[in-house]
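Please read the structure below before turning to the comments.
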Amino acid sequence: MRVRGPADLHTHSRVSDGTESPAELVAAAAAAKLGTLALTDHDSTTGWAEASEAARANGVDLIPGMELSTRLGWQSVHLLGYLFDPADPSILAETERIRSDRSTRAEAMVTRIAHDYELEWGDVLAQTTPGATIGRPHIADALIARGHVNDRGEAFATILHWRAGYYEPHYAPEPLEGVRLVVAAGGVPVIAHPAVSRERMLPEDYLRRLVDEGLFGLEVHHRDNSEAGATRLLELAAKYDLAVTGSSDYHGTGKLNRLGEHTTSPEVLERLIARATGWAPVIGS
Ligand code: AMP
Ligand code: FE
Ligand code: FE
Ligand code: ZN
């Protein structure tokens with residue numbers, strides 16, 4: 001199956017930490033002249049239905065997906081999963097566990113922050129769509145609403161930084177388990193922004209294990225990958241026959257990332273769709 005270009009394979013809606021509804025996001029993609037959009041909210045597929053309907057109405061092709069939180073030791077690893085079965089019991093159970101612990105963890109962070117700043121849990125809930133995957137960006141929005149910081153960037157550089165003393169990690173499975181879950185549900189896994197900093201890249205022997213479990217690709221073209229890191233990722237992609245993707249990681253007004261600032265080639269997209277058995281792209285009319 002073929003979908004239209006250009007294709008942006010990593011975006012967020014209010015179902016996680018984006019600032020637009022899934023339908024608004026699809027409309028923004030149409031306005032930005034994208035042919036194909038992947039919706040990849042953190043740890044949730046709740047936006048798929050609304051985004052699919054909007055894709056059909058807006059003449060945009062949609063690849064339903066998710067950005068699964070995983071962790072290797074202290075290192076957070078984001079795994080993009082595309083076109084898997086959203087009703088797969090193992091994926092449902094694991095994402096439910098992650099979302100639930102994210103909420104507990106956010107509340108614990110707010111309790112710590114409240115020792116030093118005027119802030120309540122209700123402030124965070126007021127910034128969150130019911131049922132959404134809660135993250136630090138929602139705490140950031142609450143801090144903005146209270147006037148403690150001017151934008152999410154400032155919140156992350158100060159109060160929400162892990163060194164600030166309020167940080168708390170949340171539950172996440174190992175990347176290997178994440179790849180297994182996505183593949184078992186008929187989906188296609190791609191490591192998101194794998195070279196945010198060179199030091200924090202996955203060890204090569206661990207990457208090889210992910211390849212053996214069915215890893216499809218690396219998100220090489222992403223604004224947060226360092227230049228040296230992206231070069232190294234291209235070498236690794238060639239060595240292990242991994243696909244190279246590019247995406248914006250658009251979060252609406254929550255980040256500077258613009259729709260379509262990086263895109264994925266039609267060849268890679270065709271291979272990705274051919275590999276999936278859990279779900280099909282939605283073709284906009
Ligand atoms: P969490 O997963 O709750 O620890 O929060 C991480 C999320 O915060 C990521 O998904 C990013 O989208 C977002 N984020 C990280 N750094 C920034 C930043 N400087 N400005 C805005 N959003 C950020
Ligand atoms: Fe995010
Ligand atoms: Fe991410
Ligand atoms: Zn993302």
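Both ligands and their constituent atoms are indexed starting at 1 by order of listing. Keep in mind that this is a model prediction, so the values were computed, not measured. Heads up: numbering here begins at 1 and tracks the sequence.
- Between E261 and R223 there is a salt bridge, with a side-chain nitrogen of the basic residue lying less than 4.0 Å from a carboxylate oxygen of the acidic one.
- Residue-to-ligand polar distances keep Y167 apart from ligand 1: every N/O pair is separated by 3.5 Å or more.
- Sorted by first then second residue, the ring pair (Phe, Tyr, Trp, His ring centres under 6.0 Å) pairs that include residues 79-130, not counting sequence neighbours, are W48-F84, Y117-H148.
- Below 4.0 Å from some heavy atom of R136 lie the following atoms of ligand 1, by number and element: 1 (P), 3 (O), 4 (O), 5 (O), 6 (C).
- Under 4.0 Å is where a charged nitrogen must lie from a carboxylate oxygen, and between R105 and E168 no such pair does.
- Ion pairing between a basic and an acidic side chain is recognised when a charged N comes within 4.0 Å of a carboxylate O; R4 and D61 show such pairing.
- Counting atoms of ligand 1 from 1 in the listed order, those under 4.0 Å from a heavy atom of G135 are 3 (O).
- By the 4.0 Å N-to-carboxylate-O rule, R232 lies close enough to E204 to be salt-bridged with it.
- The number of heavy-atom neighbours closer than 6.0 Å to CD of E227, taken from other residues, nucleotides and ligands shown, is 12 or below.
- For R105, every heavy-atom contact with ligand 1 shorter than 4.0 Å involves the side chain, none the backbone.
- In this comparison of N257, D17, L256, the heavy atom closest to atom 7 (C) of ligand 1 sits on D17.
- Annotation: H170 places no N or O atom under 3.5 Å from an N or O atom of ligand 1; distance criterion only.
- Residue G254 has at least one heavy-atom neighbour below 4.0 Å for each of these atoms of ligand 1: 21 (C).
- Figure legend: R102 and Y171 shown without cation-pi pairing, the cationic atom not lying both under 6.0 angstrom from the six-membered ring centre and within 45 degrees of its axis.
- Note on L62 and V15: separate hydrophobic clusters, where clusters join Ile, Leu, Val, Met, Phe, Trp and Tyr whose side-chain heavy atoms are under 4.5 Å apart, directly or indirectly.
- For atom 8 (O) of ligand 1, the nearest protein heavy atom (residue, atom name, distance) is F156 CZ, 3.0 Å.
- Near P137, meaning under 4.0 Å from any of its heavy atoms, are these atoms of ligand 1: 5 (O), 7 (C), 8 (O), 13 (C).
- Here the shortest heavy-atom distance to atom 22 (N) of ligand 1, taken over R102, K255, H42, belongs to K255.
- With a 4.0 Å heavy-atom cut-off, ligand 1 is reached by the side chain of H251 but not by its N, CA, C or O.
- The Fe ion (ligand 3) lies under 2.8 Å from an N, O or S atom belonging to H193.
- Counting heavy atoms of neighbouring residues, nucleotides and ligands inside a 6.0 Å radius, atom CZ of R2 does not exceed 12 of them.
- Taking both residues in full, the closest heavy atoms of Y206 and L176 are given as OH-N, 3.0 Å, listed atom of the first, atom of the second, then distance.
- For the pair T70 and G178, the tightest heavy-atom approach, listed with the atom from each and the gap, is CG2-CA, 4.3 Å.
- Sorting the N, O or S atoms of E67 by how far they are from the Fe ion (ligand 3) puts OE2 first.
- Within the 2.8 Å limit, H78 places at least one N, O or S atom next to the Fe ion (ligand 3).
- Take the Zn ion (ligand 4) and draw a sphere of radius 2.8 Å; the protein N/O/S atoms inside it number 4.
- Between H222 and H193, the ring-plane angle classifies as perpendicular under the 30° and 60° cut-offs.
- With respect to R56 and E53, no salt bridge is recorded, no charged nitrogen being found less than 4.0 Å from a carboxylate O.
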